[in-house]
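What follows is a short report on a single structure.
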Amino acid sequence: MPHSPDQQALLEHYVKKILAAPVYDIAVRTPLQPAPALSETLGNRVLLKREDLQTTFSFKIRGAYNKLVQLSDEQRAQGVITASAGNHAQGVALAARELGVAATIVMPSTTPELKVLGVRSRGAEALLHGESFPFALAHALHLAEQSGCTFVSPFDDPDVIAGQGTVAMEILRQHQGALDAIFIPVGGGGLIAGIAAYVKYLRPGVRIIGVESEHSACLQAALRADERVVLPSLGTFADGVAVAQIGAYGFEVCRFCVDEVITVSNDELCAAIKNIYDDTRSITEPSGALAVAGIKQYVARSGVRDQTFVAIDSGANINFDSLRHVAERAAVCGVPA
Ligand SMILES: *Cc1c(COP(=O)(O)O)cnc(C)c1O
């Protein structure tokens, strides 16, 4: 995909913002770790970018901190408000506490309890509203308008996108050899936009593959329609990516930087959680396993061998009680590794 001068300028703009993002005040550089069993079974080398080990157990702290740190003194004094399916909420709560900013966070009433507790324990105010993210978002925007607080989008903001893009900067430093594709989970598109901008600017030959839940495939729908469509309904098993419309800023990048989008079922996610467990002895949340599920489908379909893939293991915030369901489905569908 050769880029036009305008597109190249957009990527350069993001690369500069990514390189300047002060995320390590609060975030850690996570390991890029081989998945030996999965690699062996798939006949391809799979590396996991362990964002499940990030502070707050997901990458969202990167974008949240990069956004909050750029606010003016006046904006900081007013406080911030956000809507989130849970992980961005915890990122904003922690970043706000670190910077001494008051934060109000609207989360869908279906948010796993540990994500709600993760917010409250970090001193932010958590409001539960609406059955899924779009309802929580509408409420948060309304409150922001009333109160004069700054609204912090979980994905549709250049500073958030740049913060998430620091994941790509680490990957390219940690792995300098051959790299065929990076598989990235997609909710509102902030993570994939940040990664895609950085990677397509520096290593345009590396394929950028988005992976979505088939119950919230808003990037695939937008790429097909060539505009941002609103999905009529959402499934929330993968609650971290249950977004009805891809973000405008992210889509501007994705439309020329994403090579392919794969959608996966809930059962494929359960099986992928098990694959990750087998290789790492760590549990991921459903959204965190999207990229591995995507690699499995990609290899099964294309039959490729001996390639090197990175999967973003994006989060680990799953209620302990949900593990029963995950283990059952992984066993029932018996999807081999
Ligand atoms: C937010 C999130 C995603 C998706 O990120 P977007 O920037 O919304 O596309 C994926 N996985 C987890 C665990 C998340 O919390």
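Atoms within a ligand are numbered from 1 in the order they appear, just like the ligands themselves. All values reported here derive from a predicted model rather than from experimental measurement. Below, all heavy atoms of this structure are taken into account, side chains as well, without hydrogens, waters or symmetry copies.
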>> Pairs of nitrogen or oxygen atoms closer than 3.5 Å, one from G187 and one from ligand 1: do any exist?
In response: yes

> Which of the atoms of ligand 1 are close to G240, meaning less than 4.0 Å from one of its heavy atoms?
Replying inline: 1 (C), 2 (C), 3 (C), 14 (C)

>> If you compare all heavy atoms of Q78 against all heavy atoms of C149, which two are closest, and at what distance to 0.1 Å?
In response: O-SG, 3.5 Å

> Within the structure, does G188 bring an N/O atom to less than 3.5 angstrom of an N/O atom in ligand 1?
Replying inline: yes

>> Quick one about E98 and Y65 (side-chain donor to acceptor, distance below 3.5 Å, no hydrogens or angles considered), yes or no?
In response: no

>> Can you confirm whether more than 12 heavy atoms, excluding those of E145, are under 6.0 Å from its CD atom?
In response: no

> Have T30 and E51 got a donor and an acceptor in their side chains that come within less than 3.5 Å?
Replying inline: yes

> If you measure only the distance, is there a donor-acceptor pair under 3.5 Å linking the side chains of N319 and K115?
Replying inline: no

>> Minimum heavy-atom separation for C257 and I208, please, with both atom names.
In response: O-CB, 3.5 Å

> Short list, please: which atoms of ligand 1 are under 4.0 Å from a heavy atom of N87?
Replying inline: 13 (C), 14 (C), 15 (O)

> Under 4.0 Å from any heavy atom of S287, which atoms of ligand 1 are there?
Replying inline: 11 (N), 12 (C), 13 (C)

> Is there any N or O on L191 that sits under 3.5 Å from an N or O of ligand 1?
Replying inline: yes

>> Show the atoms of ligand 1 that are less than 4.0 angstrom away from any heavy atom in G315.
In response: 13 (C)

>> For ligand 1 and I192, I'd like to know whether there is a polar contact (N/O to N/O, distance under 3.5 Å).
In response: no

>> Can you name the atoms of ligand 1, numbered from 1 with element, that are less than 4.0 Å from a heavy atom of G189?
In response: 6 (P), 7 (O), 8 (O), 9 (O)

>> I need the nearest protein heavy-atom contact for atom 1 (C) of ligand 1: residue, atom name and distance, please.
In response: K60 NZ, 1.3 Å

> After noting the C-alpha distance and the side-chain angles of H88 and F155, does the key distance pass the ring pair (Phe, Tyr, Trp, His ring centres under 6.0 Å) rule?
Replying inline: CA-CA 9 Å; H88 172 68; F155 48 79; 8.5 Å; no

> With a cut-off of 4.0 Å, which atoms of ligand 1 are near a heavy atom of G190?
Replying inline: 6 (P), 7 (O), 9 (O)

> Side-chain donor-acceptor pair under 3.5 Å between N87 and N317, yes or no?
Replying inline: yes

> Among side-chain atoms of S282 and R50, is any donor-acceptor pair under 3.5 angstrom?
Replying inline: yes

>> As an exercise, identify every atom of ligand 1 less than 4.0 angstrom from a heavy atom of E285.
In response: 13 (C)

> Between the candidates A291, G86, S314, C254, which shows the shortest non-hydrogen contact distance to atom 12 (C) of ligand 1?
Replying inline: S314

> Any chance the side chains of Q164 and R62 put a donor and an acceptor closer than 3.5 Å?
Replying inline: no

> For atom 5 (O) of ligand 1, which protein heavy atom lies nearest, and how many Å away is it?
Replying inline: F59 CZ, 3.4 Å

>> Below the 3.5 angstrom mark, is there an N/O of V186, backbone or side chain, next to an N/O of ligand 1?
In response: no

> Which ligand 1 atoms, with their elements, are less than 4.0 angstrom from a heavy-atom of V241?
Replying inline: 3 (C), 4 (C), 10 (C)

